[in-house]
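The structure appears below as structure tokens.
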Amino acid sequence: MNIFRLTGDLSHLAAIIILLLKIWKSRSCAGISGKSQILFAIVFTARYLDLLTSFISLYNTSMKVIYIGCAYATVYLIYAKFRATYDGNHDSFRVEFLVVPVGGLAVLINHTFSPLEILWTFSIYLESVAILPQLFMISKTGEAETITTHYLFCLGMYRTLYLFNWVWRFYFEGFFDMIAIVAGLVQTVLYCDFFYLYVTKVLKGKKLSLPA
């Protein structure tokens, strides 16, 4: 554990809590991509199946359970409890164009050709693009609520901090994971435009919109 991983985990947790509170307090999931949330639920499920086979630490296990629980709670709120507020017309990204290629890539490029390892690799690849339906939805509607942008900012910071975590681990532990690093770079790049708009608009009190 190092400071970058810890703050990355906290940023990730903050993003999840912000999203859940936004939906619960407003009693609405308007502006939230249910498809992105389903992808994140798939990511956590595939990645943390090792909960059934191994124990690393109480912190590790607790965070995994929280991520999985919150992911499915978010999907439930969007598609069941507050279904009437869900904007399915604008949440129209074809997720099969992400899941199918990512699944094939995970089978072809992984560390060890075993079921758990392939699923872990699949989750890493899928997480790198899981936010695309949300960004696509914002580009279609033309704007995003401030609280939604805070959620996206924390999510982007989590991934950026994890890149620094990989650098730290390489220099101080000699650990290097090409799959995780490349996927993390791809995910961070996807947030670049958003980070710019967040700093130049949201932090100045303006509404955020993404170029179509």
* Asked: What heavy-atom pair brings Asp9 and Tyr67 nearest, and what distance separates the two atoms?
  -> O-OH, 3.4 Å
* Determine, using ring centers only, whether Tyr79 and Tyr86 are less than 6.0 Å apart. => yes
* Asked: Got a donor-acceptor contact below 3.5 angstrom from the Lys35 side chain to the Val95 backbone?
  -> no
* Identify the heavy atoms of Leu155 and Ala15 that sit nearest to each other, and give their distance. => N-CB, 3.7 Å
* To do: Using modelled atom types only, decide if a donor and an acceptor are shared between the side chain of Ser139 and the backbone of Phe136 within a distance under 3.5 Å.
  => yes
* To do: Heavy atoms only: give me the nearest His150-Tyr198 pair and the separation to one decimal.
  => ND1-OH, 2.8 Å
* Asked: Going through the checks in order, is the side-chain contact (heavy atoms from CB on, under 4.5 Å) test met by Ile109 and Thr121?
  -> CA-CA 8 Å; Ile109 303 176; Thr121 305; 6.0 Å; no
* To do: Locate the shortest heavy-atom distance separating Cys29 from Thr85; write the atom from each residue and the value.
  => N-OG1, 2.9 Å
* Judged by atom type as modelled, is there a donor-acceptor pair below 3.5 Å linking the side chain of Asp91 to the main-chain atoms of Gly34? -> yes
* Between Tyr158 and Thr7, a side-chain donor and acceptor under 3.5 Å -> no
* To do: If the plane angle is over 60° it's perpendicular, under 30° parallel, otherwise tilted; pick one for Phe40 and Phe44.
  => parallel
* **Verify same cluster id: Val186, Val189 (apolar side-chain graph, 4.5 Å)** => no
* Does the Ser128 side chain pair with the main chain of Gly184, one donor and one acceptor, at a distance under 3.5 Å? -> no
* Has Phe55 got more than 12 heavy atoms of other residues, nucleotides or ligands less than 6.0 Å from its CZ? -> yes
* Can you check whether Phe194 reaches Thr149 side chain to side chain, under 4.5 Å on heavy atoms? -> yes
* Asked: Between the side chain of Asn110 and the main-chain N/O of Ala106, is any donor-acceptor distance below 3.5 Å?
  -> yes
* To do: Please tell me if the side chains of Gln187 and Tyr162 come closer than 4.5 Å, counting only heavy atoms from C-beta onward.
  => no
* Check whether any side-chain N or O of Ser36 sits under 3.5 Å from a backbone N or O of Ala130 as a donor-acceptor pair, and report yes or no. => yes
* To do: Check the pair Leu132 / Val129 against side-chain contact (heavy atoms from CB on, under 4.5 Å), numbers first and verdict last.
  => CA-CA 6 Å; Leu132 283 176; Val129 294; 3.9 Å; yes
* Does Met178 CE have over 12 foreign heavy atoms under 6.0 Å away? -> no
* Please answer: with hydrophobic residues joined when any side-chain heavy atoms are less than 4.5 Å apart, are Ile118 and Ile179 in the same cluster? => no
* To do: Flag yes if Phe164 and Ile124 sit in one hydrophobic cluster, no otherwise; membership is Ile, Leu, Val, Met, Phe, Trp, Tyr, and two members link when side-chain heavy atoms are under 4.5 Å apart.
  => yes
* Are any side-chain N or O atoms of Gln37 and backbone N or O atoms of Thr74, one a donor and one an acceptor, separated by less than 3.5 Å? -> no
* To do: Could you tell me if the ring centre of His12 sits under 6.0 Å from that of Phe153?
  => no
* To do: Just do the side-chain contact (heavy atoms from CB on, under 4.5 Å) check on Val107 and Phe113 with the steps written out, would you?
  => CA-CA 8 Å; Val107 172; Phe113 195 77; 3.9 Å; yes
* Asked: So, do Val99 and Phe122 sit near enough that their side-chain heavy atoms are less than 4.5 Å apart?
  -> yes
* **From OG1 (Thr188) to CD1 (Ile181), nearest 0.5 Å** => 11.5 Å
* Within a radius of less than 6.0 Å around CZ of Phe175, do more than 12 heavy atoms belonging to other residues, nucleotides or ligands occur? -> yes
* Candidate pair Thr45 and Tyr72, rule side-chain contact (heavy atoms from CB on, under 4.5 Å), full reasoning -> CA-CA 10 Å; Thr45 302; Tyr72 281 98; 2.6 Å; yes
* **Residue pairs fulfilling salt bridge (Lys or Arg N to Asp or Glu O under 4.0 Å) with at least one residue in residues 160-169, sequence neighbours excluded** => Arg169-Glu173
* To do: Please check if the side chain of Ser26 supplies one atom and the backbone of Ser28 the other of a donor-acceptor pair under 3.5 Å.
  => yes
* **side-chain hydrogen bond (donor to acceptor under 3.5 Å, both in side chains) evaluation trace for Tyr48 with Ser123** => CA-CA 9 Å; Tyr48 299 142; Ser123 76; over 6 Å; no
* To do: State, with a plain yes or no, whether a side-chain heavy atom of Leu163 is found less than 4.5 Å away from one of Leu185.
  => yes
* **Sub-4.5 Å side-chain heavy-atom contact between Phe176 and Trp166** => no
* Are the side chains of Leu190 and Arg159 in touch, meaning some heavy atoms are under 4.5 Å apart? -> no
* **Pairwise distance CG(Leu152) to CD1(Ile18) - rounded to 0.5 angstrom** => 10.0 Å
* To do: May I ask you to test the Pro133-Leu98 pair for a side-chain heavy-atom distance under 4.5 Å?
  => yes
* **Donor-acceptor contact present, side-chain Asn60 to main-chain Ser57, <3.5 Å** => no
* Counting only heavy atoms not in Tyr59, do more than 12 sit closer than 6.0 Å to its OH atom? -> yes
* Structure fact -> One should read off an interatomic distance between Leu161 CG and Trp168 CH2, to the nearest 0.5 angstrom, of 13.0 Å
* Kindly indicate whether the side chain of Met137, heavy atoms from C-beta on, has any atom under 4.5 Å from the side chain of Phe93. => no
* Give, for atom CG of Asp87 and atom OG of Ser33, the distance between the pair rounded to the nearest 0.5 Å. => 10.0 Å
* To do: Establish whether Val102 and Leu116 are linked, either directly or via other cluster members, by ILVMFWY side-chain heavy-atom contacts under 4.5 Å.
  => no
* Asked: Could you give all pairs that pass the salt bridge (Lys or Arg N to Asp or Glu O under 4.0 Å) test and reach residues 14-23, with sequence neighbours left out?
  -> Lys22-Glu145
* Rounded to the nearest 0.5 Å, how far apart are CG of Leu119 and CD1 of Ile42? -> 11.5 Å
* If you count the non-hydrogen atoms of other residues, nucleotides and ligands that lie under 6.0 Å from CZ in Arg27, is the total more than 12? -> yes
* **Spacing of His90 atom NE2 and Lys140 atom NZ [to the nearest 0.5 Å]** => 6.0 Å
* Determine the minimum heavy-atom distance between Asp177 and Trp120, stating which atoms define it. => OD2-CH2, 3.4 Å
* Asp50 bridged to Lys64 by N-O distance under 4.0 Å -> yes
* Asked: Applying the 4.5 Å side-chain criterion to the ILVMFWY set and letting contacts propagate, would Val65 and Ile56 be lumped into a single cluster?
  -> no
